[in-house]
Amino acid sequence: MRALSRKALRDLARLKGQVAAIAVVIAAGVMVLILTVAMREAIASAQARFYETQRFADVFAELERAPERVAARLRELPGIDQIETRVQAPVRLEVPGFAGPVRGLLLSLPDGRQPALNRLHLREGALPAPGRADQVVLSEPFAEAHGLRPGDALRAIVNGREVDLVVSGLALSPEFIYQVAPTDLLPDYAHYGVLWMGRPGLAEAMDMDGAFNSLVLTLAPGADPRAVIAAVDRRLARYGGIGATDRDEQISHRFLADELDQLRVMALVLPAVFLGVAAFLLNLLMARIVTGQRQQIAILKAFGYGDGAIAGHFGLMAGLVVVLGLALGIALGAWAASGLVGLYAEYFRFPQMGLRLPPQSLALALALAVAAALLGTLGAVRRAARQPPAEAMRPPAPERFRPSWLDRSPLGRYLGQPTRIIVRNLSRHRAKTLFSTVGIALSGGLLLLGSYQFGAVDRLLDVQYRLVMQMDLHLTLTEPTSFGALAELRAQLGVRHVEGYRSAAVRLVAGRRDYRTAILGVEAAPRLRRLLDGEHRPVPVPPDGLLLTRYLADYLGVRPGGSVTVEVLEGHRRALAVGVAGVVDEPIGLGAYMARPALNRLMGEGPAVSGAWLLVDPAAQERLLARLWEMPRIAGIALVADAERQFRDYIGDTVLATMTILLLMAGSITFAVVYNNARIAFAERARELATLRVLGLTRAEVSWILIGEIAVLTLLAIPLGWLVGTGFAALLSWAMTTDLFRMPWIITPRTYAFSAAGVLVAAALSVTAIARRLGRLDMVLALKTLD
Amino acid sequence: MSGSIATTPEREPVFCTRGLIKTYQVGEVEIAALRGVDLELHAGELVVILGASGSGKSTLVNILGGLDRASGGTVRYRGQDLSLADDRALTAYRRRHVGFVFQFYNLISSLTARENVAIVTEISTDPMPPEEALALVGLADRLDHFPAQLSGGEQQRVAIARAVAKRPAVLLCDEPTGALDSQTGIRVLEVLRRINEGLGATTAIITHNRVIGEMADRVVRLGDGRVQEVRVNARRRDPAELSW
Ligand SMILES: Nc1ncnc2c1ncn2[C@@H]1O[C@H](COP(=O)(O)OP(=O)(O)O)[C@@H](O)[C@H]1O
Ligand SMILES: [Mg+2]
């Protein structure tokens with residue numbers, strides 16, 4: 001090994017504290033990139049592979065009942081590749097040993113074989129045997145939630161009749177990667193499951209012999225989905241079709257696509273912020289390390305090493321640090337990503353989710369880290385190499401100082417000399433002071449970004465579950481029902497308050513935008529499901545016209561006073577223009593609201609409700625639930641407390657798990673930056689500090705000069721960090737806005753305090769580490785030329 | 001002894017070393033910088049410690065000044081053993097009794113001449129005002145200049161003013177002219193002699209330049225970690241008469 005290379009290694013070993021700190025900064029930036037990108041890639045590629053192997057359909061249609069020959073005619077339409085007809089049935093399930101209400105969707109399979117589209121991925125067992133009407137395949141997460149295995153029994157109520165079933169196998173389907181009940185936002189595997197059985201058996205139970213009520217198809221290459229959907233709709237209208245949709249409105253696909261969108265934005269915003277900060281700090285730190293090696297550079301030059309060789313030497317040092325940081329970042333990123341992917345796998349069920357580190361991201365991380373390191377290193381080397389060797393080998397000529405404004409102020413006379421040294425150092429090296437402050441502020445900003453979401457999520461859930469959702473139970477009825485049903489509910493023991501609602505599936509169209517959702521028809525002043533404005537004040541329900549969730553109104557590009565076309569997706573399937581009367585602010589979901597009588601008129605029906613919200617007596621809840629579940633009209637019962645818990649779990653598993661990792665990274669960066677700053681400040685001042693010790697200043701008096709400087713930088717950096725972090729948080733909250741939920745834009749005082757405390761703790765730890773060095777400060781050093 | 005080092009009035013040597021040994025452990029090698037130094041410095045005298053580079057001059061002066069500890073032997077300041085003093089006592093000792101002048105001045109570059117002196121007077125019990133100390137070294141008109149605005153000789157004179165402003169009992173100067181041209185060096189030596197005479201501080205000047213020895217009361221020649229020779233000058237020569 002060449003002597004110079006050996007020196008590079010030794011120097012790195014000697015500077016191990018600083019090297020480690022810089023490597024941590026790089027590693028944190030790289031880790032965030034790897035983590036977010038790898039996670040998105042893992043989910044996106046698992047999706048693509050699963051869709052491909054299981055032949056996921058492109059278009060989905062539901063109808064009341066059509067004879068099989070209709071499908072044969074549809075096959076002749078241009079633009080269609082394959083069609084699969086099915087029978088489907090909403091069912092109630094009774095799982096042995098499970099008391100709660102369980103709903104399910106029962107789908108037909110061709111007798112004894114896989115369908116052509118949306119094929120099942122069997123995880124265990126087999127498809128139902130041909131001709132066996134009692135065998136079913138269960139969706140794997142549902143089976144897991146109940147511990148059901150092939151051979152186990154359960155009972156379904158299909159079309160009002162009880163059917164005893166035996167599990168033949170467990171499977172995953174590309175149609176139910178995100179397996180969620182139609183009215184829910186989040187999976188609840190214990191209370192909702194998907195089952196598949198042979199078509200003859202299901203058709204018989206549903207009176208669908210030679211007929212179908214569900215249809216999926218794939219498009220021929222190059223076909224226009226809109227034209228195909230329009231053609232299918234025309235053919236199926238007569239059979240009670242409620243409008244074919246493409247993948248965008250298929251529930252599982254849409255949630256998955258939303259999640260991928262969100263991950264993509266996170267994979268853009270977070271690495272940009274972290275890598276940007278890391279690159280900046282890396283540049284800064286390398287430059288300062290090189291500057292500290294000024295005299296070494298002079299000696300090397302005196303020996304006859306050229307500027308190129310010296311630049312190469314420091315380039316090598318920087319390169320080694322970068323490689324170290326990169327390796328650490330990749331390892332940590334892959335480890336964290338595999339952990340997080342595991343959490344995501346609970347919500348998105350794929351046969352397998354492999355972690356793949358996309359080479360482009362690795363290359364990007366490498367290029368950024370190397371560029372930042374070299375920029376800082378080479379700039380400093382050039383500056384150092386410009387000095388004639390003889391000059392550099394002497395102690396640096398005293399730097400030029402001028403009295404600062406503070407000295408000239410009346411206060412200046414009262415400053416002690418050590419304090420004066422701090423003030424003058426900071427004001428003399430404005431650029432350095434600025435960069436140090438910005439460096440610490442950036443890391444404080446990352447801390448704020450990492451912690452902001454915790455407060456925001458709390459606020460989000462508080463708004464949704466303390467202010468908006470005031471009910472204990474949420475009932476859905478099997479079909480719109482007259483008001484009498486509510487009286488029956490009110491009469492139940494333990495029911496304290498009942499409020500009925502009408503919910504109708506619709507498509508809202510405005511210009512070129514359209515969105516599928518439900519209109520919720522509520523009473524004039526709903527008590528249990530409140531409609532609120534941005535200040536959490538109730539929004540009055542207009543006698544006519546719609547209220548839209550603000551995000552939905554923005555998406556559709558409509559304002560109060562404008563109007564949207566409402567296509568009703570049930571019953572008569574009319575399309576009507578309805579005025580938009582106002583907007584409501586709610587953090588979860590996208591909805592449209594109307595006065596119930598207005599919605600009844602829109603639907604062309606008399607006063608009717610399709611569900612009810614209940615306040616119940618907690619002591620009586622258990623028995624009430626059992627009784628409600630016996631009522632044939634009730635299709636679903638949801639406990640709002642359960643929904644809240646599920647939502648908290650979901651956000652905890654996905655968003656907050658990511659944020660926890662980011663927070664750890666931000667913490668490491670903060671410590672690395674503050675510590676490095678302190679170390680470099682110490683190295684730069686060591687000679688002066690030793691001189692002052694020789695002159696008889698005590699350790700405490702000398703420490704003050706260094707600690708005071710760090711303290712001033714830290715205190716300047718904290719408010720700047722708040723500012724920077726607020727910007728980061730705004731960027732993230734904007735990027736994370738989705739149909740599913742919108743982070744409220746609020747930063748609590750706790751978040752600011754957290755960021756400040758993080759920086760202060762890092763500073764305190766660094767000062768402690770430096771104080772140990774100050775204790776060992778070699779005074780004889782002050783008398784020497786070179787160290 | 002862990003308290004302060006008291007000033008005792010007896011007429012005895014200010015410094016007295018016996019068998020002073022200093023070894024440095026560098027990796028696996030032991031370097032003997034001092035191999036048994038016996039030496040006395042008396043009140044008010046000006047001693048030049050002469051020796052080739054590496055002969056142990058700085059090591060000796062650092063031990064006398066309380067910057068470093070001997071590995072063996074004794075070093076007494078006014079009868080008290082410095083090798084027994086703890087860190088706090090040594091700091092107090094330097095603060096009260098010792099003035100240092102370094103080869104490379106070691107001024108605090110962010111402080112003006114006046115402030116560089118003040119940083120010491122602020123922590124001393126009976127200092128002279130910084131202005132007076134600077135007048136003593138002929139820099140009364142340079143009070144508010146920063147080190148960068150001063151020549152090397154001027155910087156060294158500020159360093160001397162800083163060392164003497166606390167009226168130290170001893171003034172230890174390690175190669176005070178080492179970084180200066182001869183003319184400037186001579187001006188600095190003149191200042192040192194004037195201060196030695198005016199304040200009566202025991203002054204030790206370290207140098208490898210034998211010419212400088214002629215301004216001393218006594219010349220101690222160090223070599224190979226030991227005192228090779230002590231010569232008493234019949235007459236101290238004025239630095240102005242010297243040249244090299
Ligand atoms: N901190 C130290 N570590 C190791 N060796 C040292 C140290 N300081 C001085 N020495 C060695 O001790 C010897 C005497 O050094 P020094 O007192 O500085 O000599 P001088 O001042 O006369 O040039 C030299 O050989 C030097 O290399
Ligand atoms: Mg020396």
Side-chain angles (χ1 to χ4, degrees), chain A residues 390-391 393-404 406-408 412-429 684-702 704-705 709 774-786, chain B residues 24 58-59 61-63 65-68 87-88 90-112 114-124 130 144-150 152 155 158-159 162-163 165-166 168 172-175 178-179 206:
Chain A
E391 196 176 304
M393 281 168 72
R394 309 188 48 175
E399 286 180 278
R400 274 163 222 294
F401 278 89
R402 276 182 297 118
S404 66
L406 194 59
D407 294 299
R408 291 189 298 263
R413 281 195 292 133
Y414 300 102
L415 291 181
Q417 307 313 322
T419 306
R420 212 183 288 278
I421 294 176
I422 296 173
V423 171
R424 296 236 177 102
N425 276 333
L426 289 173
S427 61
R428 165 73 176 80
H429 302 281
E684 287 169 351
R685 311 249 175 283
R687 195 180 156 81
E688 283 190 356
L689 300 181
T691 300
L692 292 172
R693 286 285 282 140
V694 171
L695 295 179
L697 273 76
T698 63
R699 201 167 284 166
E701 285 161 343
V702 168
W704 162 241
I705 294 178
E709 180 173 329
L774 266 173
R776 294 191 311 240
L777 184 65
D778 182 6
M779 283 178 283
V780 179
L781 173 91
L783 315 171
K784 292 197 178 155
T785 2
L786 299 174
Chain B
Y24 291 108
S58 295
T59 304
V61 159
N62 290 345
I63 292 173
L67 298 183
D68 211 347
D87 187 70
R88 183 191 294 265
L90 283 183
T91 301
Y93 161 64
R94 291 196 302 273
R95 201 167 176 141
R96 293 214 194 116
H97 305 288
V98 189
F100 278 100
V101 176
F102 312 103
Q103 178 176 3
F104 293 109
Y105 336 130
N106 288 47
L107 297 180
I108 307 299
S109 55
S110 52
L111 298 180
T112 62
R114 189 208 311 259
E115 291 158 356
N116 260 287
V117 177
I119 198 165
V120 169
T121 58
E122 276 172 6
I123 58 168
S124 307
D144 293 320
H145 286 56
F146 283 92
Q149 299 166 306
L150 298 171
Q155 286 183 57
V158 173
R162 179 176 68 181
K166 65 172 132 180
L172 303 175
C173 314
D174 192 348
E175 306 267 10
I206 284 182

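For clarity, every value in this text was computed on a predicted model and none was experimentally measured.
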Review point. Do B:Arg94 side-chain atoms and A:Leu695 backbone N/O form a donor-acceptor pair below 3.5 Å?
Key: no

Point to revise | A:Arg428 portion near chain B, given a 4.5 angstrom heavy-atom threshold | key: neither

Practice item. Considering non-hydrogen atoms only, spot the tightest contact between A:Phe401 and B:Phe146 and give its length. Key: O-CD1, 3.1 Å

Exercise for review: Would you mind checking which part of B:Leu111 comes under 4.5 Å of any heavy atom in chain A, side chain (CB onward), backbone (N, CA, C, O), both or neither?
Suggested key: both

Review point. Minimum heavy-atom separation for B:Phe104 to A:Arg687, with atom names?
Key: CB-NH2, 3.5 Å

Point to revise | 4.5 Å side-chain heavy-atom contact, A:Thr691 and B:Phe100 | key: no

**Study point:** Region of B:Asn116 in contact with chain A, defined by heavy-atom distances below 4.5 Å
**Key:** neither

Exercise for review: Heavy-atom distances under 4.5 Å only: say whether B:Gln155 touches chain A with side chain, backbone, both or neither.
Suggested key: side chain

Exercise for review: Return the minimal non-hydrogen interatomic distance between B:Thr91 and A:Leu697, and the atom names on each side.
Suggested key: CG2-O, 3.7 Å

Exercise for review: Mind ranking B:Gln149, B:Arg162, B:Lys166 by heavy-atom pairs under 4.5 Å with chain A and telling me who comes out on top?
Suggested key: B:Arg162

Point to revise | Nearest non-hydrogen partners of A:Arg424 and B:Ser110, listed with the distance | key: NH1-O, 2.6 Å

Check your understanding: Between B:Arg95 and A:Thr698, what is the shortest heavy-atom contact and its length?
Key -> NH1-CG2, 3.1 Å

**Study point:** Heavy-atom check, side chain of B:Ile108 versus side chain of A:Gln417, under 4.5 Å
**Key:** no

**Study point:** Gap separating the CG atom of A:Leu692 from the CD1 atom of B:Ile119, nearest 0.5 angstrom
**Key:** 4.5 Å

Revision key, fill the gap. Highest number of heavy-atom pairs under 4.5 Å with chain A among B:Val98, B:Asp68, B:Asp87, B:Leu107 belongs to B:Asp87

Check your understanding: Can you say whether A:Arg693 sits under 4.5 Å from chain B via the side chain, the backbone, both, or neither, judging by heavy atoms?
Key -> both

